[in-house]
Amino acid sequence: SEPTAITNCDELIAIASGDLGGNYIQTQDIDCTGKEFSPIGNGSSPFMGTYDGGGHVIANITFDNASQDSVGVFGQLGVIGLVENLGVIDSYFHGADSVGAIVGDNYGTILNSFADATVISEGGAGGLTGANEAGALIDDCYAKGTVTGQQYVGGLAGYNASGIERTYAAAAVTAPGNYVGGLFGYIDDGSNINDSFAAIPNALGTDATHGQFAGFIATGALIYDNWFANGGSPSTGVGTGDSTGVRNIDATSLYDSSQG
């Protein structure tokens, strides 16, 4: 069937109370200034459809609820859910746990998408997704902006247990608790991460579970061809765990800001 066109913020908001298994395509940039937004999908009713951003952005979402888990444009993306070709910019997301700009808790697939937003969590958070769960997939994505949480916090994803390729984060990360990193907070067994990098150094402090690339990497994770920029604190790429497949680069930035 033909996808349903999403042309404005009201139509985007309506998905949350509409068909969570639908096929949608965004046909232009969307500005949600002044709109009351709620994340699309949650733990009991995840988004199981397809959302194609069409290469457009969603801007100026504000969601502020410190008691709600799974916060993002999509609160929870289900196992057959797909979000692709989408940018989220100039937006603010604050939740209890599993907070990310595009997806709060990801069990599905995120492709060719980016976020440049403010993400705040009372628990775990990531610039793109709060948690990338077992069986999920993220390819060709990046995150900028700021990410603030407590523990399990990363510039791209706070927690990862699945496949990620060709990603980077250039987000300012702040969190006092365990498992905090420039790209990932906690990389669990089952992770397979390739060709990804923490593009800017972060001041993460001296906690043993803080690292410029990741706070922790489990020995059962497959990690290869990944990098982090020098100049942060701590200077190590991985706080605790297996650092095989993570290298530092003698540069304080690994991306050209003029390229987005």
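- Every salt bridge (charged side-chain N to carboxylate O under 4.0 Å, His left out) that D10 has, sequence neighbours left out, goes to K35.
- Considering V88, I102, I89, L128 as possible partners of F114, the one that fulfils the side chain to side chain contact (heavy atoms under 4.5 Å, CB included) test is I89.
- Donor-acceptor pairing under 3.5 Å is lacking for the side chains of E84 and N112.
- Formation of a donor-acceptor pair under 3.5 Å by the T129 side chain with backbone atoms of V103 is found in this model.
- At least one donor-acceptor pair closer than 3.5 Å links the side chain of T240 to the backbone N or O of A208.
- Shown here for G135 and S162, the closest heavy-atom pair between the two residues is N-OG, 3.2 Å.
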List the steps, then state whether side chain to side chain contact (heavy atoms under 4.5 Å, CB included) holds for E165 with D195. CA-CA 6 Å; E165 283 194 299; D195 195 20; 5.8 Å; no
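- For Q76 and Y107, the side-chain atoms include no donor-acceptor pair closer than 3.5 Å.
- Between H94 and Q68, the side chains place no donor N or O within less than 3.5 Å of an acceptor N or O (distance only, hydrogens not considered).
- S191 places a side-chain N or O within 3.5 Å of a backbone atom of D188 that can act as its donor or acceptor partner.
- With Y24 as reference, D19 is the one residue of D52, L12, D19 to meet the side chain to side chain contact (heavy atoms under 4.5 Å, CB included) rule.
- Residues satisfying the side-chain contact (heavy atoms from CB on, under 4.5 Å) criterion with A131, sequence neighbours excluded, are S98, D105, E133, Y159.
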For a side-chain hydrogen bond (donor to acceptor under 3.5 Å, both in side chains) check, start with the C-alpha distance between N192 and Y224, then their side-chain angles and the critical distance, and finish with the verdict. CA-CA 8 Å; N192 190 332; Y224 48 97; 3.2 Å; yes
Candidate pair Y168 and F197, rule ring pair (Phe, Tyr, Trp, His ring centres under 6.0 Å), full reasoning: CA-CA 5 Å; Y168 75 86; F197 58 96; 5.1 Å; yes
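- Applying the disulfide bond (SG atoms under 2.5 Å apart) test to residues at least two apart or on different chains, none of the pairs has a partner in residues 212-249.
- In terms of heavy-atom proximity, I193 sits nearest to N226 at O-ND2, 3.2 Å.
- Shown here are the ring pair (Phe, Tyr, Trp, His ring centres under 6.0 Å) partners of F213, two or more places apart in sequence or in another chain: F184.
- For the pair F37/V73, a side-chain contact is recorded, criterion being any heavy-atom separation below 4.5 Å from C-beta on.
- Under the ring pair (Phe, Tyr, Trp, His ring centres under 6.0 Å) criterion, F216 pairs with Y179, Y186, sequence neighbours left out.
- Annotation: salt bridge (charged side-chain N to carboxylate O under 4.0 Å, His left out) contacts of D140 (sequence neighbours excluded): R166.
- Under the 3.5 Å distance criterion, the side-chain polar atoms of S113 are matched with a main-chain donor or acceptor of L86.
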